2 protein chains.
Amino acid sequence: MARKPANTTSSAGGKSARTRQRILDAAAHVLSRKGFAGTRLTDVAEVAELQAPAIYYHFPSREELIEEVMWSGIANMTDHVQQQLDALPPETGPLDRIEVAVESHLRYQLETSDYTTAAIRNAGQLPDNMRARYEAEANRYGDVWRRLFDAAKREGALRPDLDARAARMLVLGALNWAAEWWNPRRGTLDQVIRTAKSLVRAGLAVPEAVEAEPMRKPQRSRARKPAKTASNR
Amino acid sequence: MARKPANTTSSAGGKSARTRQRILDAAAHVLSRKGFAGTRLTDVAEVAELQAPAIYYHFPSREELIEEVMWSGIANMTDHVQQQLDALPPETGPLDRIEVAVESHLRYQLETSDYTTAAIRNAGQLPDNMRARYEAEANRYGDVWRRLFDAAKREGALRPDLDARAARMLVLGALNWAAEWWNPRRGTLDQVIRTAKSLVRAGLAVPEAVEAEPMRKPQRSRARKPAKTASNR
DNA sequence: GTCTATATGGAGATAGAC
DNA sequence: GTCTATCTCCATATAGAC
């Protein structure tokens, strides 16, 4: 995951590694607030409590530093959400799984991590030469959600008038945007999560299934052309 | 709305006014893609097909140019959506009104205007001294939506487990985010709009009202403490 | 009104001391 | 490993020709 500085004699938790982490944290903080072009190394250095040239001991360039922040922001989100999904009992219904993803995403984004906010806010502003690595990881996260929606569709849990891709992206947008407006002083995170889950479930589910969805196993043979939706990234 | 250049002898549709507009359009284009700090006047000039110093004949500074793009992006959106709402028959139900706002917002944002995308993407990155005018206008737009949701709540059209403010911001987020992913080559705008309307209506409505809401008049006296939600900005 | 030429300052990056 | 000093480049902004 992490590139190590040239001097590899120090142990994994040594001073160098800790300084490097401090620089990454500071960069995520600045990046999430000032944007890609507005992120200056002097500001990063100030937050990390060192002088700007010291950053070059740990990172070869400003761009590499920023790229690592962006990449790890979305990569950690992917791992976190997937981990929560993997921990569910196998018989969990598709809408319940989506609710878990909604909660995991919001919690991670709003509670844990400047990285994710930095990634989400700046994805559209990256110069072309920095996009590749980030987009590969962003697609991995998109795939997590695509699988959730495909499963729901396959089991007939999605209302048929919904376009699966549009619905998925609209839901993700609602979650991503929360970083722009949520303020702990204006309402608890739990309140936001509860509303988001309710909104998403009711928005997606066929009316009969809203109230209480039976916890049934995925029924693969009920699918009509599963390959079709799989290509719909 | 628009500041005029020093030379006011030219008519409203004169060459100066047209050049000024070209600069604004170019700035919106660059701003929506490169972000606030990444917007360079040479890039704006290139898109507008003139030399960078010529911009200073029409705008006193880079900041004033950007501020005007941001401000007019959100101001035009507000006017557009409000206008669509005002054109509805007075007996239109609150969820139907919300659907109209959803469609107006998406159409304007995705079809018409780099300005709105520029405003939405860069709102979080504005330096403090540029925020005031933009935020005043953004609040005006927020008020349009707040009134829609307050009306829906007052008439009992919103599910009671939803937090009105959180639900409103989640819906707006879903719409705002569409600019990040929608691509006309991946699906029609109409398809996105149809899905968004369906998702929002089903997500908000009390189950009984999903299918076909009676077009009834607002019933003010049914409200419980209307002042409560009004202060919930 | 728009151009060319240029003053000014700020940011990334490097050299080399400690 | 982190610092101070410095190089270089580039963007805003101005001066002044046309």
Side-chain angles (χ1 to χ4, degrees), chain A residues 2-27 30-31 33-69 125-127 129-130, chain B residues 2-27 30-31 33-69 125-127 129-130:
Chain A
R3 223 176 312 264
K4 290 193 70 176
N7 181 352
T8 54
T9 55
S10 57
S11 66
K15 189 180 179 191
S16 180
R18 275 182 284 117
T19 303
R20 192 187 138 88
Q21 192 58 50
R22 246 178 35 237
I23 294 170
L24 279 169
D25 291 349
V30 176
L31 190 60
R33 286 159 180 77
K34 300 288 193 70
F36 168 70
T39 296
R40 292 171 302 189
L41 293 184
T42 52
D43 293 344
V44 173
E46 190 182 353
V47 175
E49 297 181 295
L50 41 68
Q51 297 300 311
I55 294 173
Y56 285 91
Y57 179 80
H58 301 274
F59 298 88
S61 70
R62 170 183 180 274
E63 292 206 346
E64 294 249 359
L65 167 60
I66 291 179
E67 202 185 338
E68 182 159 336
V69 171
Q125 299 179 8
L126 278 191
N129 60 323
M130 293 179 64
Chain B
R3 221 175 312 262
K4 290 193 70 176
N7 180 354
T8 53
T9 55
S10 57
S11 66
K15 188 181 179 191
S16 181
R18 273 182 285 115
T19 303
R20 191 187 140 89
Q21 191 59 49
R22 248 180 31 242
I23 294 170
L24 279 169
D25 291 348
V30 176
L31 190 60
R33 285 159 181 79
K34 300 289 193 68
F36 168 70
T39 295
R40 291 171 304 189
L41 293 184
T42 52
D43 294 344
V44 174
E46 191 183 353
V47 176
E49 297 181 296
L50 42 68
Q51 298 299 312
I55 294 173
Y56 285 90
Y57 178 80
H58 301 274
F59 297 89
S61 70
R62 172 185 180 273
E63 292 207 344
E64 294 250 0
L65 168 59
I66 291 179
E67 201 186 338
E68 182 159 336
V69 170
Q125 299 179 9
L126 279 190
N129 60 322
M130 293 178 65

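If you're wondering where the values come from, they're calculated on a predicted model, not measured in any experiment. Side-chain atoms are counted along with the backbone in the values below, which use heavy atoms only and exclude waters and symmetry mates.
Which of D:dT12, D:dA11, C:dG1 sits closest to the side chain of B:Ser16 comes down to C:dG1. Out of D:dG1, C:dA11, D:dT14, the shortest distance to the side chain of B:Tyr56 is found at D:dT14. Among the nucleotides C:dT14, D:dT2, C:dC3, the one closest to any side-chain atom of B:Pro53 is C:dC3. Nearest to the side chain of A:Leu41, among C:dA13, C:dC3, D:dT12, sits C:dA13. Which of D:dC3, C:dT2, C:dA11 sits closest to the side chain of B:Ala54 comes down to C:dT2.
The number of heavy-atom neighbours closer than 6.0 Å to CD of B:Gln21, taken from other residues, nucleotides and ligands shown, is above 12.
Cation-pi geometry between B:Arg62 and B:Phe36 is met: under 6.0 angstrom from the ring centre, within 45 degrees of the axis.
Between A:Tyr57 and the phosphate of D:dT2, there is no side-chain N or O to OP1/OP2 separation shorter than 4.0 Å. The phosphate of C:dG1 has neither OP1 nor OP2 within less than 4.0 Å of any side-chain N or O from B:Thr19.
Distance, A:Glu46 CD to C:dG12 P: 13 Å, rounded to whole Å. Distance, A:Ile55 CD1 to D:dC3 C1': 13 Å, rounded to whole Å. Here the C1' atom of nucleotide D:dT12 and the CD atom of B:Gln51 are 15 Å apart, to the nearest Å. Here D:dT4 presents its P atom at 11 Å from CG of A:Leu50, a figure rounded to the nearest Å. The distance from atom CD of A:Glu63 to atom P of C:dG12 is 11 Å, rounded to the nearest whole Å. The CG atom of A:Asp43 sits 13 Å away from the P atom of C:dG10 (whole-angstrom rounding). Between the P atom of D:dG1 and the CZ atom of A:Phe59 lies a distance of 15 Å, rounded to the nearest Å. Atoms NE2 (B:His58) and P (D:dA13) sit 16 Å apart, rounded to a whole Å.
Using a 4.5 Å cut-off on side-chain heavy atoms (C-beta onward), B:Asp25 and B:Val47 make no contact.
Distance CE/A:Met130 to CD/A:Glu67: 5.0 Å, rounded to 0.5 Å.
Considering A:Ile66, A:Thr39, A:Val69 in turn, A:Thr39 is the only one that fulfils the side-chain contact (heavy atoms from CB on, under 4.5 Å) rule with A:Val44.
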